Amino acid sequence: MTRIPIVIDGRTVEAEPETTVAAALLNDGIWGFRSSVESEPRGPVCAMGICFECRVTIDGIPHRRACMELCRPGMEIETGG
Amino acid sequence: MTRRSHPDVVVVGGGIVGAACAWYLAAEGLAVLVLDAGFPGGGATGAGMGHLVVMDETEAQFALTSYSLELWTALANELSADCQDEPRSTLWIAADEEELALVEAKAEFYHRRGVAAEVLSSSELAGEEPELRPGLAGALHVPGDRVIYPPAAARWLLDRAVEKGAAVQTDCRVEEIGSGWVRTARGEKISCDLVVNAAGPEAPRLTSGLPVEPRKGHLAITERYPEFCRHQLVELGYLKSTHTEAADSVAFNIQPRATGQQLIGSSRELVGWDLSINRRLLAAMIRRAFDYLPRLAELQVIRVWTGFRPATPDGLPLIGPWPAIDGLWIAAGHEGLGITMALGTGRLLAECMVGRQPSLDPAPYEPARLES
Amino acid sequence: MAETLKTEVTVVGAGPAGIAAACRAAESGARVLLLDENPRAGGQIWRGTRCGRGPAGARRWLARLSDSSARLVDTTAVVDTDGDGGLLVERRGEALVVEGERLIVASGARELFLPFPGWTLPNVLGVGGGQALLKSGVSFRGRKIVIAGSGPLLLPVAAALATSGAHLRLVAEQAPAHRVHGFALSCWRYPGKLIEATRYRAAFLATAYRTGVWAVAARGDDRVEEVVLTDGHRSWTEPCDYLLASYGLVPNLELPRLLGCAVDNDRVTVDDHQLTTVDDVYCAGEPTGIGGLELALVEGEIAGLAAAGRDREETALAGRRRRLERFAAALAHAFAPRQELAERVEVDTTICRCEDVAWKQLHPAGSFRQAKLATRVGMGPCQGRVCGPALALLRGWEADRVRPPLRVSTLGVLASRSKGPAGH
């Protein structure tokens with residue numbers, strides 16, 4: 001199957017088909033997905049939509065759960081928000 | 001520590017009004033005991049928005065809100081960080097030319113009384129709040145208003161009262177108030193010289209004939225969207241909705257919190273002691289906000305809650321002695337302005353109770369005016 | 001106004017219980033809508049099951065589902081009841097109202113997380129969380145992994161990680177040896193379970209599986225780099241790239257509680273037909289008591305048949321349910337979190353991850369609601385789903401009342417209603 005081009009913090013990378021945004025970020029070596037209220041780095045914990053720790057901005061929309069979204073071609077992901 | 005057996009004053013209710021009364025009474029040197037049925041700030045105070053706002057529907061309302069706001073502003077450097085106190089001006093939004101005329105009258109009213117306020121044109125309003133829909137007529141900008149986190153402010157006031165010798169008892173529900181005594185749900189009778197009924201919406205349960213009824217409101221709060229709105233926005237029609245005789249009403253009101261969250265109100269309904277979410281009214285309230293801020297529909301909402309405002313027939317609080325029971329004082333019935341009015345209420349009540357020259361004319365707030 | 005979908009039976013949750021319920025109800029002739037928040041059916045346990053991939057039982061049930069007339073509505077979260085027997089749901093940012101004559105709640109479970117120093121570092125995951133990430137495409141090849149959690153889930157997750165090429169350093173079960181062994185002995189009645197466990201264990205033989213061991217702290221700079229473990233007598237450090245630390249499951253009770261279903265001791269009260277205390281609302285799977293896959297399937301089948309009016313066909317299933325319930329009780333006893341897990345919390349340990357509320361801030365509070373108003377604990381987007389069960393264990397606090405939105409949703413969706421003036 002063809003790989004899916006996505007944009008992570010301005011860089012284009014290729015994700016495997018059927019991977020979630022969370023998986024694509026971890027595979028890209030990113031573990032701090034967001035910055036907490038007290039500015040600590042946070043990443044996925046439950047990976048099933050419960051904990052909201054993996055929030056990133058997707059296509060300009062903030063607070064999206066990376067674990068609940070499958071990668072789509074051209075998707076723009078911003079971390080660290 | 002206060003004599004638990006026979007305090008000078010028992011304050012019933014540790015919400016923000018009771019806490020302010022306790023503070024000012026303790027500052028007068030009285031031995032104060034505060035009794036709260038649950039935990040301080042857990043009632044109407046915890047459900048409120050925390051908009052510290054000057055209001056001008058009547059002279060008496062203006063007098064108490066503007067005086068209270070002065071007192072809050074003077075405390076700004078002392079309040080603890082968790083009170084989230086910050087200056088946050090209000091924009092009273094005029095949707096059309098008719099409302100703009102009201103805005104101009106409102107500005108005139110404020111100017112005559114020395115309160116800063118300026119009329120914004122349609123384009124100035126759009127510049128201040130780009131998310132507002134185009135075509136609104138203008139707004140009144142009131143720069144002196146503030147935001148506070150009410151339950152934390154109530155705790156802070158109680159802590160100050162305790163520093164001045166007051167005692168606070170939580171989980172202590174009062175069942176009955178008499179002349180010089182209160183009886184708790186545990187059957188304990190506490191004697192005292194004076195009692196203040198500051199039980200908010202519960203006040204009439206303890207003082208029969210008190211013209212206060214619970215007026216339910218809904219609030220919704222979003223995820224963090226700092227900069228979505230910069231001011232506290234209120235539609236001018238808010239004033240109409242607060243006085244409507246209809247069973248229920250909604251008005252647009254949004255408040256940016258220090259956290260970056262957007263707090264959305266407001267609704268009013270008289271349904272007795274039913275705290276459940278009225279889904280139809282909640283939807284109407286939120287859609288009313290979309291009329292002003294269309295992109296609000298895309299924001300994520302985390303939580304919705306309801307609370308009771310203690311409403312009186314003439315929209316003014318009850319502050320002063322209760323004629324039917326010797327030694328009983330009332331500080332209740334602030335409807336949606338309890339947070340703003342708390343400090344003015346506490347101070348005025350304490351001054352009257354100790355016989356000092358009051359800072360405001362107490363007559364418009366005296367409970368006897370509404371005695372049936 | 002939201003589009004309205006009408007059906008006879010609505011099933012919420014497309015995990016094993018929901019799939020079994022949807023299949024049985026649809027095969028009995030009922031019109032069925034099956035809602036799930038995820039893009040694919042299968043729930044957590046069958047996540048990533050596709051043609052030619054995943055356990056045979058999962059593939060069988062998923063094939064049965066797609067052969068049935070039940071319609072899967074994926075990527076769909078329940079936001080609220082519409083106050084009129086229907087559900088307000090969000091699908092890809094749009095509101096829908098689902099009006100069914102009967103509702104089967106199969107909302108599943110989530111992991112129990114318990115705070116300890118360092119648990120907020122990136123790459124400290126749930127055990128199921130690690131499994132979910134693996135199934136959703138994360139490569140753990142060559143990564144040093146320590147699993148320090150509890151329950152039977154440890155075995156399949158360890159097996160899957162080892163098979164995927166991860167460098168699994170230790171699998172630590174917090175439950176003491178005598179409980180785990182006692183449980184294993186009691187499994188003679190369920191030979192399938194033992195065979196399964198043995199097969200999983202065989203997949204990670206190079207790694208130690210230790211009972212009576214738990215993590216007391218995670219350390220690292222901007223992610224976990226090592227974990228401090230203890231057996232209660234001796235503490236030591238293991239380097240790791242990932243730490244998987246969670247302690248079994250807690251049921252998702254928010255929807256049944258919002259619907260007004262009676263809940264007792266963290267279980268939705270149901271009768272022999274899986275009917276809750278609310279008319280026409282059934283419940284199956286973990287919300288009626290954590291019981292695992294087989295029990296979820298049986299309960300789902302019973303609920304599906306009952307909701308389709310085929311109560312009499314349930315009899316054959318009732319015996320299986322009773323047997324599996326005994327197994328579930330033994331499981332809960334064996335893997336109950338030990339007291340020491342609650343004692344790991346230090347004054348500065350974060351309790352609420354959404355709002356960064358530390359343990360010391362919570363101390364004066366006497367209830368969850370009081371703590372919320374005082375500290376913002378539980379007021380973030382997870383709506384207390386992580387810190388709530390932890391505080392139930394640490395402080396004995398009951399969950400606060402459930403109000404809409406059941407899940408964070410857009411204001412646009414929450415303000416959508418099918419009907420105008422229809423009351424509360």
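It should be emphasised that the depicted structure is a prediction, and the values quoted were computed from it without experimental measurement. The chains referred to below are lettered A, B, ... by the order of the sequence lines, with proteins before strands, and numbering in each begins at 1.
Looking at B/Leu282, only its side chain comes within 4.5 Å of chain C, counting heavy atoms on both sides. Only the side chain of C/Leu258 comes within less than 4.5 Å of a heavy atom of chain B; its backbone N, CA, C and O stay farther away. Residue contact with chain C, scored on non-hydrogen atoms closer than 4.5 Å, involves the side chain of B/Thr259 exclusively. Residue contact with chain C, scored on non-hydrogen atoms closer than 4.5 Å, involves the backbone and the side chain of B/Arg303 alike. Of the atoms belonging to B/Glu298, it is backbone heavy atoms, and not side-chain ones, that fall under 4.5 Å from chain C.
Here the shortest heavy-atom pairing between C/Arg403 and B/Val304 reads NE-O, 3.3 Å. Of all heavy-atom pairs spanning C/Leu414 and B/Val301, the tightest one is CD2-CG1, 3.9 Å. Among all heavy-atom pairs drawn from B/Phe290 and C/Ala415, the shortest one is CE1-CB, 4.0 Å. Considering every non-hydrogen atom in both C/Arg401 and B/Leu275, the closest pair reads NH2-CD1, 3.9 Å. For the residue pair B/Arg279 and C/Asp82, the shortest heavy atom distance occurs at CD-C, 4.1 Å.
Contacts of residues 362-373 of chain C with chain B at a heavy-atom distance below 4.5 Å involve C/Ser367, C/Arg369, C/Gln370, C/Lys372, C/Leu373, listed in sequence order. Contact annotation for residues 379-388 of chain C against chain B (heavy-atom separation below 4.5 Å, listed by residue number): C/Met379, C/Gly380, C/Pro381, C/Gln383.
The shortest side-chain heavy-atom distance between B/Ile264 and C/Leu411 falls under the 4.5 Å cut-off. In this structure, C/Arg376 and B/Asp82 have side chains that are not in contact, with every pair of non-hydrogen atoms separated by 4.5 Å or more.
Here C/Arg407 contributes atom CZ and B/Gln300 contributes atom CD; the two are 12.0 Å apart, rounded to the nearest 0.5 Å.
Under the ring pair (Phe, Tyr, Trp, His ring centres under 6.0 Å) criterion, B/Trp305 pairs with no residue, sequence neighbours left out. Among residues two or more places apart in sequence or in another chain, the salt bridge (Lys or Arg N to Asp or Glu O under 4.0 Å) test is passed with C/Arg267 by none.
By the neighbour-count criterion of 12 heavy atoms within 6.0 Å, atom CD of B/Glu163 is densely surrounded, having more than that number from other residues, nucleotides or ligands. For C/Glu101, the CD atom is densely surrounded, since the number of other residues' heavy atoms within 6.0 Å is greater than 12.
The candidate from C/Thr375, C/Val79, C/Thr81 with the greatest count of non-hydrogen atom pairs under 4.5 Å with chain B is C/Thr81.
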